[in-house]
There are 2 protein chains.
Amino acid sequence: MLNLAPSTVSRALNDSYEISQATKDRVQELAKSLHYQPNPFARSLRAQKSKTIAVIIPERINNYFSQVIEGIESITQEFGYHLLVYSTHENLDTEKKIISYLVNGRADAIVMSVSSQTREIDHLENVFQNKVPIIFFDRICREIPTTKFITNDYQSGYNATMHLIEKGCKKIFFLLLSRDISIGKERLRGYIDAVKDSGLAFSESWVVQCSQDEARNLALIKHFLYGMDRPDGILASVEKLAISTYQAAKEMRLNMPKDFKMISFSNMKIAGLLNPPLSTISQPAFQVGAECAKLLMQKLTKPKQPPLEDRVIEIPSKMELRESSGD
Amino acid sequence: MLNLAPSTVSRALNDSYEISQATKDRVQELAKSLHYQPNPFARSLRAQKSKTIAVIIPERINNYFSQVIEGIESITQEFGYHLLVYSTHENLDTEKKIISYLVNGRADAIVMSVSSQTREIDHLENVFQNKVPIIFFDRICREIPTTKFITNDYQSGYNATMHLIEKGCKKIFFLLLSRDISIGKERLRGYIDAVKDSGLAFSESWVVQCSQDEARNLALIKHFLYGMDRPDGILASVEKLAISTYQAAKEMRLNMPKDFKMISFSNMKIAGLLNPPLSTISQPAFQVGAECAKLLMQKLTKPKQPPLEDRVIEIPSKMELRESSGD
DNA sequence: CGAAATCTCGAAAACGTTTGCATGCTTTTC
DNA sequence: GAAAAGCATGCAAACGTTTTCGAGATTTCG
C-alpha cells in the first residue's frame, strides 16, 4: 500500500536504524490503523523459536499446581511469552504423547512435574537430547541432568512426623500416592527416620499406598480407621489424601484431633476453615513457578547462555499448625 | 537421505494414495527411527491454522475455572488440539493485551470468561471482526453475536434466596464482585425478585459491592457483621466472597447457621468439609467446558461450517444444601 | 502395436516473516 | 574533482511444510 518492499516494512516496524524516520512513521502509522499484528508462525518459522513455554502438570484441579502456574506466568508475561498448559492426569501414556508434541519446537522450553506413573524416562531423555530446555519441579526426575526445584521434602516429612509424636501419637500412618515419584520417596524417608528416631515400633503396614481412584482411597482409609490397629496419627503426603481422610472421618463420625491427629502436605488456602482446621506443610508454589520461569527467561532471552545446570534447588516449605494435629 | 523430493516425503508421511506402498514404508520407517516430528509452524503457516485454542479466564486459582478447562481439554485432546491458557487477573488492560496476541492466527478460536472490569468491548468486537471464533462462558458479553454458555443464574439466585427465607431469614445480604458483569446482574435480579416476592423490606444497602482486594473484603464483611443492622442471611455470588465470610465469622467467633445463615455460588469439592459445611449452588463446570469445546471442534474440523450461532445456552446449576444455611 | 489410462514421483509455488547483500543516491573527505 | 563513506531502500533467500501441476514410466485396452 505504501509502495515499499516487504523488507523495508519489516525493518520499519522493527525500528531498524537503516530506515529513515519519515518512512518509519508512515509505516508504523498505517500498521496501527490497520491493527496489523505480525504472523507468529512466520516469525517462529524464520527465527526458530516460538516464544512459548509448555507447562506439564499431573492434574489441573489442584491448588499447588495452579499457584505454580501463576508464578511462572508472573515472570514470562513480562517477556511476552505464551503458556501452553497440559495435564497428564497422572497417566504415563498421556505424558509421553504430550512430550512428543513438544520436541519439534512448538515450545522453547518445558516446565514439568512428572506423573505418579512415570517409571521409564525414555521420553524425557529424548527431550533432553533434542536440546529442548526442561526444568522439573516438585515431582522431579533426577536422572535427567538439568535444573530441578523441590522443597525440603525429607526435612518436612521428618518435622511433621516429629510434631505428631510430640503431640502424643504412637502409631502414625503415612499416606502416599506412589512410591515411585521423588517427593513420595523423600517425604517417606523423613517420616520413617522420625518414627525410628523416636523409638516407635514402626511397621511396614503403617505406610499406606493409595491410588488415583478417590472412591477406593476413601474405602481404604475407612477400612484402616475401623480396624483394631488403627492409627492415632496420620501424615498425608498429598492434599488429596487428606481430603479423603476428612471425608472418612466425617462419615465415621470420628473426631479430630481426639480420635486421631493429622497433618498434611497441602496448599489449600482454606485449610484453616475446615472442620477441624487442618495443619499443613505448605509449599512455596508461586515462588517455585517464578524461579523456574526466571531461569528460563535468562536462558532464552539472552545470547550465549550455557545449558541449564544439573542441580537441585531446594526452597523450604512452611509448617502451619492448626487443630487437626492437636494444636 | 532417501533421495526423494520433499513432496514425496510429505505425501508418504500423510499416507497419500499416489505414493507406492514400498516408498511409504521406507519413508515412514526412517521417520520413526529419527523420531521425526513435523514442524508445527511451517504447517500452521501453510495451512493457516494452528490447531490451538486459547482459553482466557479471570483467575487461575479457582475451582470453577480449573474444572472448565478440564472439560475443554477432555474434548480438544482427542482432536490433537493444544491449549493456550491466559489469566487476566480481572484486569481489563491485561485482557486487551492478551486479546491482541490472538487476532493474528495464533489461536484458531477463543474460549473466554470476561474480567470483572470489562465494560468497554472494543477489543472483543475486534476479535469478532477478525473472524476468530469466540465462545463466552459464565461471564459472558451479550453484545457480541456468538454462542454463550451460562448457568441459570437468575433462577439459582432466586431459589437460593428463597431457601434462606424459608429457613427464617428476614434480612439477607447479597455479596458481589461487580455490578458490571453478566452473572452478577442476573444472580442479583433473582435475589431481588425473591426478596420482593416474599414481602421483605428490601433496602439497597443489602447489596454489598466487594472488590478484588481480599483484605478489604474481609474488613468490609466484618464491618457489616459488627453493625446494628447486620444480616441474618447472606448469599455470596462468588466462592471467594463466601470464603472471606467464613474467615470473618471465624475471627469474630460468630456461629453459622445460628448467628446468620449463608449459601454461596461455589464449585469447591470440599464445601462439605468446611466448618460448618457450606450450602452451595454449584455449576456444571466440566460440562460447560466440554460443550464449548464440542462446538468449536465441530466448527474447526469440519468443512463448510456456518459461523457460531448467536445464542445463549443455559445449563442448570445444582443446589446442595448443608448446615451453613440451616439445613 | 499404438493410444489411452494408471501409477509414481518431482518441480515449484505458497504461507509471512527476517536478513545478508546489492544498488543507487547523496554527502563527505583529501 | 575523484574516491570514499554514508544513507535509504530493494532483491532474494531462507525457515519447513503442503499442494497443484505436470512428466516420465508402466500397464491396460482396443
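Within every chain, numbering begins at 1; the chains are lettered A, B, ... in the order of the sequence lines, protein sequences first and strands thereafter. Keep in mind the model is a prediction, meaning the values are calculated, not measured.
Note on B:Q48: a side-chain N or O is less than 4.0 Å away from OP1 or OP2 of C:dG16. A sub-4.0 Å separation between OP1 or OP2 of C:dC7 and a side-chain N or O of B:S20 is absent. Look at B:R43 and you'll find a side-chain N or O under 4.0 angstrom from OP1 or OP2 of D:dT18. Not one side-chain nitrogen or oxygen of A:Y36 sits closer than 4.0 Å to the OP1 or OP2 atom of C:dG16. At the phosphate of C:dT19, neither OP1 nor OP2 sits under 4.0 Å from any side-chain N or O atom of A:R46. In this model, the phosphate group of D:dA8 is not approached by any side-chain N or O of A:T23 to a distance below 4.0 Å at OP1 or OP2. OP1 and OP2 of D:dT17 both lie 4.0 Å or more from every side-chain N or O belonging to B:S10. Of the side-chain N and O atoms in B:N14, one or more sit less than 4.0 angstrom from OP1 or OP2 of D:dT18.
Residue B:K299 qualifies as enclosed at atom NZ: its count of foreign heavy atoms under 6.0 Å is above 12.
Within the nucleic acid shown, B:N3 comes within 4.0 Å of sugar-phosphate atoms alone, with no base atom in reach, counting heavy atoms only.
Across C:dG16, D:dT17, D:dC11, the shortest atom-to-atom separation from the side chain of B:L45 is found for C:dG16. Candidate nucleotides D:dT19, C:dC9, C:dG16 were compared by shortest atom distance to the side chain of B:S7, and D:dT19 ranks first.
Each of B:A47 and B:V9 was matched to the nucleotide of DNA chain C holding its nearest heavy atom; the match closer to the 5' end belongs to B:V9. For B:K24 and B:A42, each mapped to the nucleotide of DNA chain C holding its nearest heavy atom, the one lying further toward the 5' end belongs to B:K24.
Remark: B:S50 OG to B:R43 CZ distance equals 13.0 Å, nearest 0.5 Å.
Counting to the nearest Å, the P atom of D:dG16 and the NZ atom of A:K49 are 15 Å from each other.
The two residues B:A109 and B:V132 come nearest to each other via the heavy atoms CA-CG1, 4.1 Å.
Looking at heavy atoms from C-beta onward, B:I150 lies in side-chain contact with B:R142 at the 4.5 angstrom threshold.
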